[in-house]
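Some notes on the structure that comes next.
Whatever order the structure lists ligands and atoms in, that order sets their numbers, starting from 1.
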Amino acid sequence: MPSTVELRGVSFAPVLSELSLRVGAGEAVAFIGRSGAGKTTALRLINGLLKPTGGDVLIDNVSLADSDLIALRRRSGYIIQGSGLFPHRTVYENVATIPRLLGWPAARTRDAAAILLKKLGMPLERFGDLYPARLSGGEQQRAGIARALVAEPALLLCDEPFSALDPIVRRELQDAFRELREERGATIVFVTHDLAEALRVCERVVAFDAGRIVADLPSRDVTKSNVPIVRQLVESAVLP
Ligand SMILES: Nc1ncnc2c1ncn2[C@@H]1O[C@H](COP(=O)(O)OP(=O)(O)OP(=O)(O)O)[C@@H](O)[C@H]1O
Ligand SMILES: [Mg+2]
């Protein structure tokens, strides 16, 4: 069952001020905004890596202050800016991290990893035994995506997951992501600078400016927005 996410007047002084937002089960929301606007910080608050200085973050209607964060992370996938792979583990060991914590039988882990890595263009036979230092930046990023997705998370938090990819692979992964989402039905919060990407992957867009939410609208309405930062992003984007 996909998770819900709710921010109730969440602040993280001095970076974020009074964010309020509800993301429904199975919804995909993009966080957009300029560099330094507070997108990564907001994602880290949702993941419980940072604690708010005011307000409350709720996952599945339970405050993170009252939640078992370790159990929560096993149900979530987190794709961080850069790949965040464990350097001393092979690709396969990285991808198997959460299945192992969940106690999956080895065969189930291997099958799930093989299917996903193939879909991401990194067949297990060829890449499974390599260490991250041997991979290109884009390959590392794809292995990080596989690690986040393999256990079918109820909540997927993605921080510029495709930034190190060439435009062709990037486009393929955006489509693969949409497909995976339709098949598996996770709730997604997706941070990106790229408005075209936000519109392709998500049905809703939340714009950040200087630590505040300044717009929250359906993707299809983005080009009609009068909010200055959204207009700037629309004007600088190459939209279909
Ligand atoms: N733990 C922290 N304590 C205080 N300030 C922080 C902390 N983490 C980040 N900041 C500051 O908060 C601001 C927002 O940072 P954040 O990483 O959330 O931006 P962002 O929107 O993700 O930017 P980018 O698009 O460049 O990744 C920055 O000015 C950063 O220096
Ligand atoms: Mg960031």
Side-chain angles (χ1 to χ4, degrees), residues 5-21 23 28-59 64-65 69 72-73 76-85 137-138 140-145 147-149 153 155-167 170 173-174 177 187-202 204-217 219 222 225 227-239:
V5 177
E6 192 174 351
L7 306 182
R8 284 193 191 151
V10 170
S11 297
F12 184 74
V15 181
L16 296 175
S17 311
E18 309 235 346
L19 308 183
S20 289
L21 171 74
V23 182
V29 176
F31 285 0
I32 62 167
R34 303 190 58 177
S35 183
K39 307 176 298 293
T40 294
T41 307
L43 212 58
R44 291 166 70 89
L45 285 162
I46 294 171
N47 193 36
L49 284 168
L50 296 174
K51 296 214 179 331
T53 55
D56 210 2
V57 178
L58 298 93
I59 307 289
L64 285 189
L69 288 182
L72 182 70
R73 290 202 187 111
S76 318
Y78 189 29
I79 306 174
I80 61 172
Q81 240 175 330
S83 76
L85 294 174
Q140 291 181 27
Q141 216 171 30
R142 282 182 274 161
I145 293 167
R147 184 179 61 181
L149 293 177
L155 174 62
L156 190 54
L157 305 174
C158 317
D159 199 347
E160 301 188 35
F162 306 143
S163 56
L165 303 171
D166 73 61
R170 190 172 175 134
L173 283 197
Q174 289 163 355
F177 218 72
T187 302
I188 300 181
V189 181
F190 190 102
V191 173
T192 181
H193 285 117
D194 178 343
L195 189 61
E197 177 167 283
L199 301 183
R200 200 167 295 126
V201 178
C202 300
R204 179 174 158 205
V205 167
V206 170
F208 283 70
D209 193 15
R212 292 176 185 277
I213 292 176
V214 293
D216 182 345
L217 68 179
S219 296
V222 157
S225 172
V227 175
I229 185 67
V230 178
R231 290 186 63 104
Q232 284 168 15
L233 288 166
V234 167
E235 281 159 16
S236 60
V238 183
L239 296 178

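The Mg ion (ligand 2) has an N, O or S atom of Thr40 under 2.8 Å away, backbone or side chain.
Between Leu64 and Leu72, some side-chain heavy-atom pair lies under the 4.5 Å cut-off. Leu21 places a side-chain heavy atom less than 4.5 Å from the side chain of Arg204. Val10 has its side chain out of reach of Phe12: every pair of non-hydrogen atoms, C-beta onward, lies at least 4.5 Å apart.
Interface of Thr40 with ligand 1, defined as ligand atoms under 4.0 Å from a residue heavy atom, comprises 17 (O), 18 (O), 20 (P), 22 (O), 27 (O). Every atom of ligand 1 with a heavy atom of Val15 under 4.0 Å away is listed here by number and element: 4 (C), 5 (N), 6 (C), 10 (N), 11 (C), 12 (O), 13 (C), 14 (C). Listed by number with element, the atoms of ligand 1 under 4.0 angstrom from any heavy atom of Glu160 are 25 (O), 27 (O).
Remark: distances from the non-hydrogen atoms of Arg44 to ligand 1 are all 4.0 Å or more. Contact analysis puts Gly38 in contact with ligand 1, with a non-hydrogen atom separation below 4.0 angstrom.
Using a distance-only test at 3.5 Å, with no hydrogens or angles considered, no donor-acceptor pair links the side chain of Glu18 to the main chain of Arg212.
Take Phe177 and apply the ring pair (Phe, Tyr, Trp, His ring centres under 6.0 Å) test, not counting sequence neighbours, and it matches Phe162, Phe190.
For the pair Leu199 and Val222, the tightest heavy-atom approach, listed with the atom from each and the gap, is CD2-CG2, 4.0 Å. Taking both residues in full, the closest heavy atoms of Ala198 and Val205 are given as CB-CG2, 4.5 Å, listed atom of the first, atom of the second, then distance.
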Verdict with supporting geometry, Leu7 and Val23, side-chain contact (heavy atoms from CB on, under 4.5 Å): CA-CA 9 Å; Leu7 306 182; Val23 182; over 6 Å; no
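Distances from atom 31 (O) of ligand 1 to the protein include no heavy-atom value under 4.0 Å.
If you check the side chains of Thr40 and Glu160, you find no donor sitting under 3.5 Å from an acceptor.
For atom 2 (C) of ligand 1, the nearest protein heavy atom (residue, atom name, distance) is Phe12 CE2, 3.9 Å. From the protein, the heavy atom lying nearest to atom 27 (O) of ligand 1 is Gln81 NE2, 3.0 Å. Of the protein's heavy atoms, Ser35 OG, 2.5 Å lies nearest to atom 26 (O) of ligand 1.
Between Ala37 and ligand 1, at least one pair of N/O atoms sits closer than 3.5 Å.
Both the backbone and the side chain of Thr41 come within 4.0 Å of ligand 1, judged by heavy-atom distances.
Nearest-residue assignment for atom 14 (C) of ligand 1 (options Gly36, Gly211, Ser163; heavy-atom criterion): Gly36.
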